[in-house]
2 protein chains.
Amino acid sequence: MDTASSPRTPTLEDVAERAGVSRSVASRAINNVGNVSDTKRAAVHRAVRELGYVPNPSARALATNRVGAVVLAVATDEPGIFADAFFAQVIYGISVALERTDVTLTLVLAGRPEGAAKLRQIVRSRRADGIMLMNLHGDDPLAKLAEQTTMPVVFGGRPLGAEPQWYVDTDNRSGARLATEHLVEAGYRRIATITGQLSLDVAEARYRGYRDAMAVAELPAHRVEHADFSEAGGAAAMARLLEAHPDLDAVFAASDNMAAGALRTLRAWGRAVPDEVGVVGFDDLPTALHTDPQLTTVRQPIEALGAEMARMLLSILDGVRPTPLILPARLVVRGSTRPAADR
Amino acid sequence: MDTASSPRTPTLEDVAERAGVSRSVASRAINNVGNVSDTKRAAVHRAVRELGYVPNPSARALATNRVGAVVLAVATDEPGIFADAFFAQVIYGISVALERTDVTLTLVLAGRPEGAAKLRQIVRSRRADGIMLMNLHGDDPLAKLAEQTTMPVVFGGRPLGAEPQWYVDTDNRSGARLATEHLVEAGYRRIATITGQLSLDVAEARYRGYRDAMAVAELPAHRVEHADFSEAGGAAAMARLLEAHPDLDAVFAASDNMAAGALRTLRAWGRAVPDEVGVVGFDDLPTALHTDPQLTTVRQPIEALGAEMARMLLSILDGVRPTPLILPARLVVRGSTRPAADR
DNA sequence: GTGAAAGCGCTAACAC
DNA sequence: GTGTTAGCGCTTTCAC
């Protein structure tokens, strides 16, 4: 039959030989680059198919200085935060955006020092072509990563107090304003807020949006407690709010998880939602549907956030210089708020 | 100062030159392999430090046929399932186990056909040294992946009706038995169950555990509905159960999410939990703490599952032939069940 | 349009 | 112990 070729995985050389061309022609044909006659091109492609040839990524990477991988780094310390459905949705979006390319996704949890070190190691050894970086707290030294490397970095959300060259973010400030305006329009007046850690830009922006709306409505915005975006944190903050401001009649929580915690506390305190207290969350996670009552919230397009980050990074790698992208947030009204007329 | 060396990233050759040794000695010193005198070893390490040398992973991979990456493939179609806190915890466990190695984690969502194709592509081109594969349904062709490649595959959970060479799994059957026994001991008698998709081994095993316990208690085990591990699915299944078996006084749901859905339906139907109906879940996700009442459930060590998968894969890559690992599950009693004496 | 040949940066025999 | 050398499999000038 055939010359007894060993059953090792075929190389470009095997393809070239079988197609009766040189290695350089085979390479050009495979990568659709340079000039190759149609005859030879076809012969090469047939050989590729027959042999089941797959290029060796390491060899290619070595020759081209492109590894065909991007990393998603999530700067989160505790599993609790990462376990949030939020990141899963981001990852899903990225994954779909990468599916049709032959770029691979490397995931790094860069919250703990070991993880951050690993990320730096990846960067220094150029094990990836680019980085998507999320969930940076204000003081995180990783925020400076973009300046320390030539590898392109796309931020998911802005690091606090910085305006990176490339990022994708939700319009958090507007979203929070929408949420608060909705409470005002529903006739609530003594509106409190539960913020996330103000070392996160996203928390800061949502707090701003709350104050924007309160200022416009000429309502006092002093009923404020800070938490950490978690359900437990939201529950505790709600309790503090109720103690400090027993007269409050609504609360805007900067995440659905915190809103869920707030609902729990309100129930424990015997405050009826939405009749005595209106509650609005942020994110529109599955959580928002599972609470009782269901949460009025602000939907941010989380999967799209991931997909857009990936797309932005890929375009940068293709030589394009995109501009930052701000995704819109919109209000979703459910049972945890009700117009004054109906209460 | 120095000879005008270009500012490109240093190579092994640069290190060797600076340390005054040959490249092979430098390589041996760096990889702690073969014989190198202490003097030269020290010189090499100093040169490495001074130059900030980092080995080029592609070159190393090309030479050693080891790429220093493992993939986690999750065979999940819909974002909803992946968004489950479960996978996030698994990933966290894997990530921690990998932190101290210089092995990188590649994530592939292999549920959609494009994702599965991508996984196969990774395997064929050997872009990774090994695979962790999770959430396989009974009919998923990926289950055969392990037989089609020499790349080691560690399964997270068993594929239905198969006993792969390497896997890490929770003792789902025992866990489900514990859950059901707990209901029996609490004095519930007309105990129903909501299963996951029986095309998943994990659902099948938990269903078995339920029947085991019911058989031992000599109770009828015909109050059964099937769902898909989701909250919505659990809610719907609970409604079907209540219609078909209005007399039921307890339900074992094969996941916390389904149990949460069941709670929602029970509340809507005006059945008091735990006094009229006892409810037990499975997983001990954060969800279990956020329901009202909190869920009695079966805790499985999810982070450990991820960590053990990673450890198992690494040990295989080190030439060890480990045996499959079954992790224990244990009962966690909370408010959704109550002994008959207290009801 | 095509092919020869020189690397990419590393490791691993093998001879000294 | 140490250095020389031959690859790993690919891309990419550069002549023809």
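First the proteins, then the strands, lettered A, B, ... as listed; each starts at 1.
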Of all heavy-atom pairs linking A:Y53 and A:P10, the shortest is CD1-O, 3.4 Å

Does any pair with a residue in residues 137-147 of chain A pass side chain to side chain donor-acceptor pair (under 3.5 Å), and if so which ones, sequence neighbours excluded? A:H137-A:S199

Does either side chain, that of B:Q121 or that of B:R127, offer a donor lying less than 3.5 Å from an acceptor on the other one? no

Using modelled atom types and a 3.5 Å cut-off, is there a donor and acceptor pairing between side-chain atoms of A:K118 and backbone atoms of B:L98? yes

Would you say that A:V168 contacts A:M132 through its side chain, given a criterion of any heavy-atom pair below 4.5 Å between the two side chains? no

Letter per nucleotide, 5' to 3', of nucleotides 11-16 of chain C [B base touched, S only sugar-phosphate touched, - untouched; heavy atoms, 4.0 Å]: BBB---

Determine to 10° how strongly the helix from C:dG1-D:dC16 to C:dC16-D:dG1 is bent, judged from the axes of its five-pair ends. 40°

If you compare all heavy atoms of B:G306 against all heavy atoms of B:I94, which two are closest, and at what distance to 0.1 Å? O-CG1, 3.3 Å

According to the side chain to side chain donor-acceptor pair (under 3.5 Å) rule, which pairs have a member within residues 56-70 of chain B, sequence neighbours left out? B:N31-B:R60

Can you find a heavy atom in the side chain of B:I326 that is under 4.5 Å from one in the side chain of B:R158? yes

Which of residues 35-44 of chain B sit near DNA chain C, with a heavy atom under 4.0 Å from it? none

Nucleotide C:dC8, atom P - distance to CG of A:N65 in whole Å: 11 Å

Measure CG/B:D14 against C1'/C:dC10 and give the value in whole Å, please. 13 Å

For the residue pair A:I131 and A:V154, establish whether any side-chain heavy-atom pair is separated by less than 4.5 Å. no

Between A:D201 (side chain) and A:P159 (backbone), is there a donor-acceptor pair under 3.5 Å? no

Side chains of A:W166 and A:I316: does their closest heavy-atom pair fall under 4.5 Å? yes

Using whole Å, report how far CG of A:N56 lies from C1' of C:dG9. 14 Å

Separation between CZ of A:R120 and OG of A:S125, rounded to the nearest 0.5 Å: 13.5 Å

Contact boundaries of DNA chain D with chain B (under 4.0 Å, heavy atoms), 5' to 3'? D:dG1 to D:dG9

Under the 3.5 angstrom rule, does the side chain of B:D129 hit a backbone N or O of B:G68 as a donor-acceptor pair? yes

